[in-house]
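Just so it is clear, the model here is predicted, and its values are computed rather than measured. To find a chain, count down the sequence lines: A is the first, B the second, and so on, and within it residues start at 1.
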Number of protein chains: 4
Amino acid sequence: MPTNEIRIPKQKRSIEKKDAIIVASYELFCEKGYYKTNTAEIAKAANVSTGIVYNYFHDKHDILKEVIGLYISRLESEFRTTLSRQIQKEDLHNLVKELLDALITSHTMNVSAHNEFMALALLDPEIQNYFVAFEARLLAQIKELLISAEFSSCFLEEKLRIAFGIIEQLCHDYIQQIIDEAQLSRSKIVAVQAITSLIEMDVEPEIK
Amino acid sequence: MPTNEIRIPKQKRSIEKKDAIIVASYELFCEKGYYKTNTAEIAKAANVSTGIVYNYFHDKHDILKEVIGLYISRLESEFRTTLSRQIQKEDLHNLVKELLDALITSHTMNVSAHNEFMALALLDPEIQNYFVAFEARLLAQIKELLISAEFSSCFLEEKLRIAFGIIEQLCHDYIQQIIDEAQLSRSKIVAVQAITSLIEMDVEPEIK
Amino acid sequence: MPTNEIRIPKQKRSIEKKDAIIVASYELFCEKGYYKTNTAEIAKAANVSTGIVYNYFHDKHDILKEVIGLYISRLESEFRTTLSRQIQKEDLHNLVKELLDALITSHTMNVSAHNEFMALALLDPEIQNYFVAFEARLLAQIKELLISAEFSSCFLEEKLRIAFGIIEQLCHDYIQQIIDEAQLSRSKIVAVQAITSLIEMDVEPEIK
Amino acid sequence: MPTNEIRIPKQKRSIEKKDAIIVASYELFCEKGYYKTNTAEIAKAANVSTGIVYNYFHDKHDILKEVIGLYISRLESEFRTTLSRQIQKEDLHNLVKELLDALITSHTMNVSAHNEFMALALLDPEIQNYFVAFEARLLAQIKELLISAEFSSCFLEEKLRIAFGIIEQLCHDYIQQIIDEAQLSRSKIVAVQAITSLIEMDVEPEIK
DNA sequence: GATGAATGAGGTTTCATTCAT
DNA sequence: TATGAATGAAACCTCATTCAT
């Protein structure tokens, strides 16, 4: 057998243990970073022995993947309420504002998680894929929402990506403390206005 | 004399040696990543002894900082020509297109450098600052350019940050292969249109 | 009751379990080697829990001893038919040939078992003893056979040991692929001739 | 660079250090066995740091190979004098006796080395090859010697292999204490006689 | 100034054995 | 009896940094 046997925990106690490892790792990775956290620390923080870690995970990188999974599922649940309702054409402005606030809040509350995991995504294609998939799901949901509110689907995906970029930029500038609270307020006004007119914009295909 | 004395090279040979170390490190960091490059490799690639490295740099992290400096100065020189001329109000569309293309080209040509250094910026505030300062210089230059072309300076900085976010998003999506060449073309049309109307947009301050 | 108590299985189910462990270990040791087989694998292959192994065996080394026992008993049964008949003086040539072929066949069919267990015998006096005893039984049987065929018993034991060495050498050279099939054929001719004349040889005691 | 840079020591001090590691390992492997000797012990015994070991050797197995090399070169030098002279046809008896004594002496003096390294050869094809090559060189030398003493070269190689097997068997039986000194004496008489008549024997090719 | 051999702490992973259930 | 999760010591190897020459 080439790779190690990984236990897939089914009993309650085992699942709890596996989850404890993931949660402890999540916290340590945020606090100290993935590379600077060692498996002994993880085991200790999860209140298990070092050996047992390798019953549930192939290796340290395998833990990272589950930690990223946890992070993304937390992100996802934060957007669930905002995205699960129906909207009218007039609500666009508010939707954008809400999403912007949600993202800023979630990132601000956990700057180190955001920074650490984004960095790892850049360094590691496997992690990258997790985020790409998450982003795709998120954009697809928003697209559905807009289409059912009768926005034109023409160039909609491109528009949404761009809108996403705008929001990310704001978050980034704020959590990296490039702009302060006041500047954030001003930027938000511009951003919301920019995004709403972007979504409603008629794109004139250029002739190359 | 304390041991921590770092030589500030003034003689030609010394400067050459220090530069050789930086250039060699730059290449290795792109190729293998910062964490996976060791100092022995750097010394070898730079054709110097391992010991001498510590005459010019405090430690490995110190090398990284200079490598980032080199990376940024290269980026900066790529934008110099585009940004050093005067523009007319009608040129905005073209200016945006040019900047977008310049950024995409520069990132695409060196995806690994971009990914590696962005990741390090997220992980390390000191590195982050280098990029923040670069971004600030870049935005300031563009702002000057626009103001001298008589664009309104109202909310201009915020608009430019947002425009920057749009461009970064496109680059990101393309170099991470989230979108392909065809999608990039479509997105560029939307992005240029979005940015130009953003710059010209009248911002209506909201009443909270 | 001390914890070191090893169950001597008397009930059918228990014996089956113990045997299953031995057989599974035998196969794994041949396939992967003793050191590279872990107890979890053994338990899994034997369809028992890891804990139960320690009811039947003191430790991993204890399993090894039983595996060697199995190996030797299998070897022994391969020689049984050849050695259980009566022979005439003229049959010596054929007897030698048969034994040689039997040994080559048995070793060739299971090169990894042979190599692994010989190695362990060299490393571990306890295992060594199993093989020494086996060899002694084998030689004693052959000696009986020859004496009842009226061969001289003078120096017979020494001769048989030497004959054994000749046969072992051939096996070794062949299964380690030092000699190929053709060379084996030639060597077998020489070996059989050498052994028969050795057995019949009058030893002239030297004067030291 | 995939594999680690291995320093090939050229200066006297470096060579001494590398040799010290090999010699220390040789002794430890004999004493405790290869698997039960760890790199920290090796470094300590050689009076170096653990890290430096990996400047001279790729890994632990690499050390083993050099240790085997040392062992074989020591064996080889023990046979040099015996094999470097010319012999006459009448000397065969003495030559065989001398070689037998040389092998017994060399193995007896270092039973643990012999056992350990033979075992490793069985477990590891790379190590096996070292011994196969050594054996081939040895047999080739003896063959030359016999041919220049005008022994028939017909089946000579096969005969020598067989003779080698006889000698090995005696060594084995003696150093594993299967036979005692007295039995060894008796066996030697038989063996020498068997080998000499084997060498001079006319092989009658069988008709299959 | 320059060399490159040397250091040694520290990281990940394995596995025989135990023990609560 | 039986389970299989849990233990934790120990192994190999790496590498930033130092220092004798």
*Select from D:G51 and C:K36 the residue whose nearest nucleotide in DNA chain E is closer to the 5' end of that strand.*
D:G51

*Using only side-chain N and O atoms of A:K17, determine if any of them is under 4.0 Å from OP1 or OP2 of F:dA6.*
yes

*Determine whether more than 12 heavy atoms belonging to other residues, nucleotides or ligands lie under 6.0 Å from atom NZ of B:K36.*
no

_Which nucleotide in E:dA6, E:dT17, E:dA2 has an atom nearest any side-chain atom of B:S49_ = E:dA2

*Measure from CD1 on C:I52 to C1' on E:dC19 and round the result to the nearest Å.*
13 Å

*Any donor-acceptor pair under 3.5 Å joining the side chain of A:T50 to the base of F:dA9?*
yes

_Sidechain-backbone polar pair: B:S112 side chain, B:C30 backbone, donor-acceptor under 3.5 Å_ = yes

*asked:* Quick check: on DNA chain E, is the nucleotide nearest A:E41 upstream (toward 5') of the one nearest D:Y56, or the reverse? Name the residue that is more 5'.
replied: D:Y56

_Toward the 5' end of DNA chain F, by each residue's nearest nucleotide, C:V48 or B:Y35_ = C:V48

*Between atom CG in A:N55 and atom P in F:dT3, what is the gap in whole Å?*
18 Å

*Which one, F:dA6, E:dG11, E:dT3, comes nearest to the side chain of A:N38?*
E:dG11

*Between A:N110 and A:Y26, is any side-chain donor less than 3.5 angstrom from a side-chain acceptor?*
yes

*So what's F:dT21 paired with, Watson-Crick or G-U wobble, going by both distances under 3.5 Å?*
E:dA2

*Provide, to the nearest angstrom, the distance between the CG atom belonging to A:N47 and the C1' atom belonging to F:dT7.*
13 Å

*Atom-pair distance (CD1 on C:I42; C1' on E:dT17), nearest Å*: 13 Å

_F:dC12, OP1 or OP2 - any side-chain N/O from D:Y34 closer than 4.0 Å?_
no

*Selected nucleotide, minimal atom distance to D:T39 side chain, candidates E:dT12, E:dC15, F:dC12*: F:dC12

*Within this structure, what is the CD-to-C1' distance between C:E16 and F:dA2, rounded to whole angstrom?*
16 Å

_Can you work out whether B:A40 or D:T37 has the more 5'-proximal nearest nucleotide on DNA chain F?_
D:T37

*d(OH, A:Y54; P, F:dG8) in whole Å*: 17 Å

*Expressed in angstrom and rounded to an integer, what is the separation of D:K60 atom NZ from F:dC12 atom P?*
4 Å

*Please report the shortest heavy-atom distance between D:Q128 and D:L122, naming the atom on each side.*
NE2-CA, 4.4 Å

